[in-house]
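So you know, we letter chains A, B, ... as the sequences are listed, proteins then strands, and number each from 1. Model, not experiment: these values are computed from the prediction.
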Amino acid sequence: MSADDATADPGADAAADSSGEGGAAETNPYTLQRGDGEGGADDHHVFWADAVADRVETRIERRIESGERDPDDPIVIKGGISPSGVPHLGNVNELMRGYFVAAVLRERGHEVRQVFTADDRDPLRKLPRTLADLDGNLVDLGEVNAGALGRNLGHPYTDIPDPFGCCDSYGDHFATIIAQSADAMDIPIDLLSNTALYEDGTFEAVTRYLLEHRDRAREVLSDYQDSVDADGDYVPFNPICANCGKLTETVTSVDVDSEARSASNSRAGSEATRETTTAATVDYECTDLEAGEQTIEGCGHEGTATLREGKLPWRFEWPAQWEALDVDFEPFGKDHAEGSWPSGEDIARTVLENEPPVPMVYEWFTLDGEPFSSSEGNVALVSEVLELIEPEVLRYFFAKDPSKARDFSIERLDQLVDEFDRFERIYFGEIDASEDEKRFAERVYPLVVSEPDPDRIRLSYTFAAVLGMTEEPSIREEIARTEGHIPDDAPEWAVDAALDRVEHAQAWARRTGNEFDYELKRAAIPAHDFDDATGAALDDLADFVADGGDDPEELQGEIYETAKRHDVPVGDFFAAGYRLFFDDEQGPKLGQFLAKLDRDFVVDRLRRER
RNA sequence: GGGCCGGUAGCUCAGUCCGGCAGAGCGUCUGGCUUUUAACCAGACGGUCGCGUGUUCAAAUCGCGCCCGGCCCGCCA
């Protein structure tokens, strides 16, 4: 990883890169995009998670061989976010990318534990403009007690009261939403509270170690952060002020019993060698905290804190989590790739003398072409999205190449669903596809859908949206059947499951207000203004229906005939029908639809009587 | 300014690791389903593969230079 290598001759470089001994290839978070050059053609996987799993296996095999790892220990995959506000769809990367790697490793016979940290000891730095309640409703800051929140700037999330009053704390509230999201997508995770890990002592040994070796810690970090002076007095610990409850950065002295650990060069079993007997403490002064534009004022209190009463700065906290939780793999967003990953890797190796996990960068995606932003209102909660599409469709989205920036388009969700449906049909061999598509579908589909069943039925998403025009389940089913979307011999469970999509698609049509957003106006007749010929034609059609015309095909044909008889352009006549029944210019295939409604209503409406 | 990732049809994306005729779906257009709309069937249209250059018999693919977008190099995650 040394930059000095750049001047070496190219041949030597190539040899070094492919040596595969825990060097560059494995810890480069971008290796997915490059291939790791280890085995040529055989190494190429159609699914990125297989390539990652290879690297995780290489890591654990090497560590078992060198005695640094117990073969019976489960593989640990971690993700984590700060519960600072609405956890949006982008945060699902942290869950799903890890999940796919976990699933592949389980398939290969490994025991895998997927942990997820709520980094909830982080301080609230600014007030989010938008919050969310536990039912998935977005709530404006003005609707909660913003003043109470404002007084808690600088406090750890877990020390701030829940603005909704339903959870133990602000942090707990948003961590609960994360847990709900994971559950809704059927991702089994161990959700860990960072605060709890500090309080129960999980981080104590590594924190103490970092304080004992704060000279080295400072020196390493200074390579990455200009604000840290290698010879200065930076201390990698932020105590919580006992007086005002804010996190503070000013540590005035450190008291650790350095005799408690002697064998710092023994790398085996980090926790084992980092047992402590005497409580370590730091003295601090509660000074101002710079948070972006604004300053959070300190109270000036001078006090003493134990190592459980504060937190490590992020650049150290991350590698500390790897060590304390024995993390083998962690995906992270591209914002970390050139910042905290290189420093974290260096801190793990140079300061903690521990091997960092296998890394993987994922690209961010946008929502309808714009970056996620809770302040701009451009957010989508997982629960919201799952009202529009099935979980498997969302899981499919995250099975795609993580290195590509993508747009999650709610406007064009039908495209994503169509793509998923095609993916599914390719898996079941129902349609022809390229070899690449087949290989991808065969590999990935079973990881996306928990119980593949060739008898399942998928209504096309846009057709399902069309069926959303009526709330009547029997009409939905009949139309789907007569239009040939449901086979006669379909089992009942498959029919029910297929029709469930109507609820999703209907919610989508309503949310976007697109061309599929129409509903039968049963209660009252929409405003209308027809010329005499159209009126007469409608009366004529009403008579046809009143006389028993309820065959879908015949009725559809009769609409054309009636229009012709009265010299009304066919398009205009259909438009009249859509106006009367949907208050719209367009709608579903009218004959088939009217044939399903109760006759008296149709006749009266055609006569403009109700 | 330096580093990193991305850029392929109107849209969403495969293909780039390993060079071999530029692909799919959707959309659009035309026709069909004995009479526009969703679906279905057939066909058509649609591309300087960001730009340039080098290597090669051959480059979307490999090298170099550049352009555009994003991220990092302050804080925070």
Side-chain angles (χ1 to χ4, degrees), chain A residues 3 10 28-37 40-46 51 80-84 91 119 122-126 224-228 249 289-294 313-315 317-318 332-343 361-364 366 371 400-409 411-416 418-419 421-423 426 431-437 440 459-467 469 479-480 483-485 515-516 553 556-561 563-564 569-575 577-578 585-590 592-593:
Chain A
N28 180 337
Y30 298 106
T31 42
L32 260 189
Q33 291 90 314
R34 294 178 176 168
D36 50 23
D42 294 343
D43 259 17
H44 186 241
H45 293 290
V46 292
I81 60 171
S82 183
S84 55
N91 301 128
D119 297 334
D122 298 345
L124 177 69
R125 303 197 148 249
K126 61 177 182 186
Y224 301 90
Q225 296 196 334
D226 292 343
S227 62
V228 176
E249 290 173 343
L289 189 67
E290 299 296 327
E293 308 287 279
Q294 57 178 324
W314 164 247
R315 295 269 178 154
E317 188 173 76
W318 203 21
F332 46 86
K334 67 166 173 180
D335 51 336
H336 287 311
E338 304 304 322
S340 37
W341 166 255
S343 69
V361 174
Y362 56 81
E363 263 286 344
W364 288 355
T366 49
K400 295 168 168 232
D401 184 350
S403 70
K404 303 269 190 181
R406 290 168 204 284
D407 184 43
F408 188 87
S409 174
E411 288 290 328
R412 299 311 318 272
L413 256 191
D414 56 313
Q415 285 194 351
L416 178 65
D418 285 348
E419 205 183 300
D421 288 353
R422 176 179 162 79
F423 166 70
I426 293 170
I431 52 172
D432 203 27
S434 72
E435 285 306 310
D436 285 327
E437 285 179 298
F440 185 77
L459 303 179
S460 93
Y461 192 65
T462 47
F463 181 70
V466 169
L467 293 182
M469 67 197 159
I479 294 177
E483 295 291 317
H485 292 276
E515 71 266 36
F516 303 107
E553 297 298 328
Q556 179 76 2
E558 185 59 22
I559 296 173
Y560 283 92
E561 296 303 330
K564 283 181 192 167
V570 170
D572 292 356
F573 194 50
F574 270 97
Y578 294 132
E585 287 81 41
Q586 53 178 1
K589 202 162 178 175
L590 204 51
Q592 274 81 346
F593 182 68

**Request:** Counting Watson-Crick and G-U wobble pairs only, both distances under 3.5 Å, name the nucleotide matched with B/U16, or none.
**Result:** none

**OP1 or OP2 of B/C72 under 4.0 Å from side-chain N/O of A/Arg315** = no

**Message:** Suppose we define a pair by two distances each less than 3.5 Å, Watson-Crick or G-U wobble; what does B/C71 pair with here?
**Reply:** B/G3

**Message:** Quick check: on RNA chain B, is the nucleotide nearest A/Asp122 upstream (toward 5') of the one nearest A/Lys334, or the reverse? Name the residue that is more 5'.
**Reply:** A/Lys334

Give each protein N/O atom lying under 3.5 Å from an N/O atom of nucleotides 29-36 of chain B, with the pair distance.
residue, atom, partner, partner atom, Å
B/U35, O3', A/Tyr560, OH, 3.4
B/U35, O2, A/Lys564, NZ, 2.8
B/U35, N3, A/Glu561, OE2, 3.0
B/U35, O4, A/Gly557, O, 3.2
B/U35, O4, A/Glu561, OE2, 3.1
B/U36, O5', A/Tyr560, OH, 3.0
B/U36, O4, A/Gly571, O, 3.2

**Request:** For nucleotides B/U30 and B/G20, find the distance between their P atoms and express it as a whole number of Å.
**Result:** 38 Å

**Asked** Between the side chains of A/Asp401 and A/Ser403, does any donor sit under 3.5 Å from an acceptor?
**Response** yes

**Request:** Provide the distance between the two P atoms, one in B/G47 and one in B/C11, to the nearest whole Å.
**Result:** 12 Å

**Rounded C1' spacing from B/G10 to B/G52 in Å** = 27 Å

**Asked** Counting just side-chain N and O atoms, does A/Gln415 come under 4.0 Å of either OP1 or OP2 of B/G25?
**Response** no

**Prompt:** Hey, does A/Asp335 reach any base, or is it just sugar-phosphate, or nothing, if we go heavy atoms under 4.0 Å?
**Reply:** base

**Message:** Counting only Watson-Crick pairs (N1-N3 plus N6-O4 or O6-N4) and G-U wobbles (N1-O2, O6-N3), all under 3.5 Å, who is the partner of B/A42?
**Reply:** B/U30

**Prompt:** Short question: side chain of A/Arg406, backbone of A/Glu363 - any donor-acceptor pair under 3.5 Å?
**Reply:** no

**Message:** Would you say A/Ser227 places a side-chain N or O within less than 4.0 Å of OP1 or OP2 belonging to B/C75?
**Reply:** yes

**Message:** Categorize A/Ser340 for me: base, sugar-phosphate, or nothing, with a 4.0 angstrom heavy-atom threshold over every strand shown.
**Reply:** base

**Item:** Under 3.5 Å on both distances, the Watson-Crick or G-U partner of B/C11
**Value:** B/G25

**Asked** Given that both distances must come in under 3.5 Å, which nucleotide forms a Watson-Crick or G-U wobble pair with B/U35?
**Response** none

**Message:** Just the rounded figure in Å: distance from P of B/G27 to CG of A/Asp414.
**Reply:** 8 Å

**Message:** So A/Trp364 and A/Pro371, do their side chains get closer than 4.5 Å, heavy atoms only?
**Reply:** no

**Asked** Would you say the side chain of A/Ile479 lies within less than 4.5 Å of the side chain of A/Met469, judging by non-hydrogen atoms?
**Response** yes

**Message:** Counting the atoms with a prime plus P, OP1 and OP2 as sugar-phosphate, which does A/Trp364 contact under 4.0 Å by heavy atoms, base, sugar-phosphate, or nothing?
**Reply:** sugar-phosphate

**Message:** Students often get this wrong, so: under 4.0 angstrom with heavy atoms, is A/Ser434 touching a base, only sugar-phosphate, or nothing?
**Reply:** nothing

**Asked** How are the rings of A/Phe332 and A/His336 set to each other: parallel, tilted or perpendicular (split at 30° and 60°)?
**Response** perpendicular

**Message:** Measuring only the C1' atom in each nucleotide, how far is B/G19 from B/U28? A whole number of Å is fine.
**Reply:** 34 Å

**Message:** Looking at A/Arg412, I'd like to know whether one of its side-chain N or O atoms comes within less than 4.0 Å of OP1 or OP2 on B/G25.
**Reply:** no

**Request:** Hunt down the Watson-Crick or G-U wobble partner of B/G54, both distances under 3.5 Å, from any strand shown, or write none.
**Result:** B/C62

**Asked** So do A/Leu416 and A/Phe408 actually touch side chain to side chain, heavy atoms under 4.5 Å?
**Response** yes

**Asked** CG/A/Leu467 to CZ/A/Phe593 distance, rounded to the nearest 0.5 angstrom?
**Response** 9.5 Å

**Request:** Classify the nucleic acid contact of A/Asp226 as base, sugar-phosphate or nothing, counting any heavy atom under 4.0 Å across all strands shown.
**Result:** sugar-phosphate

**Message:** Within the structure provided, determine whether A/Trp318 and A/Trp341 are in side-chain contact (heavy-atom separation under 4.5 Å).
**Reply:** yes

**Message:** For a quick test of reading the model: is some side-chain N or O of A/Lys400 closer than 4.0 Å to OP1 or OP2 of B/A14?
**Reply:** no

**Message:** Between B/U48 and B/G32, how far apart are the two P atoms, rounded to whole Å?
**Reply:** 33 Å

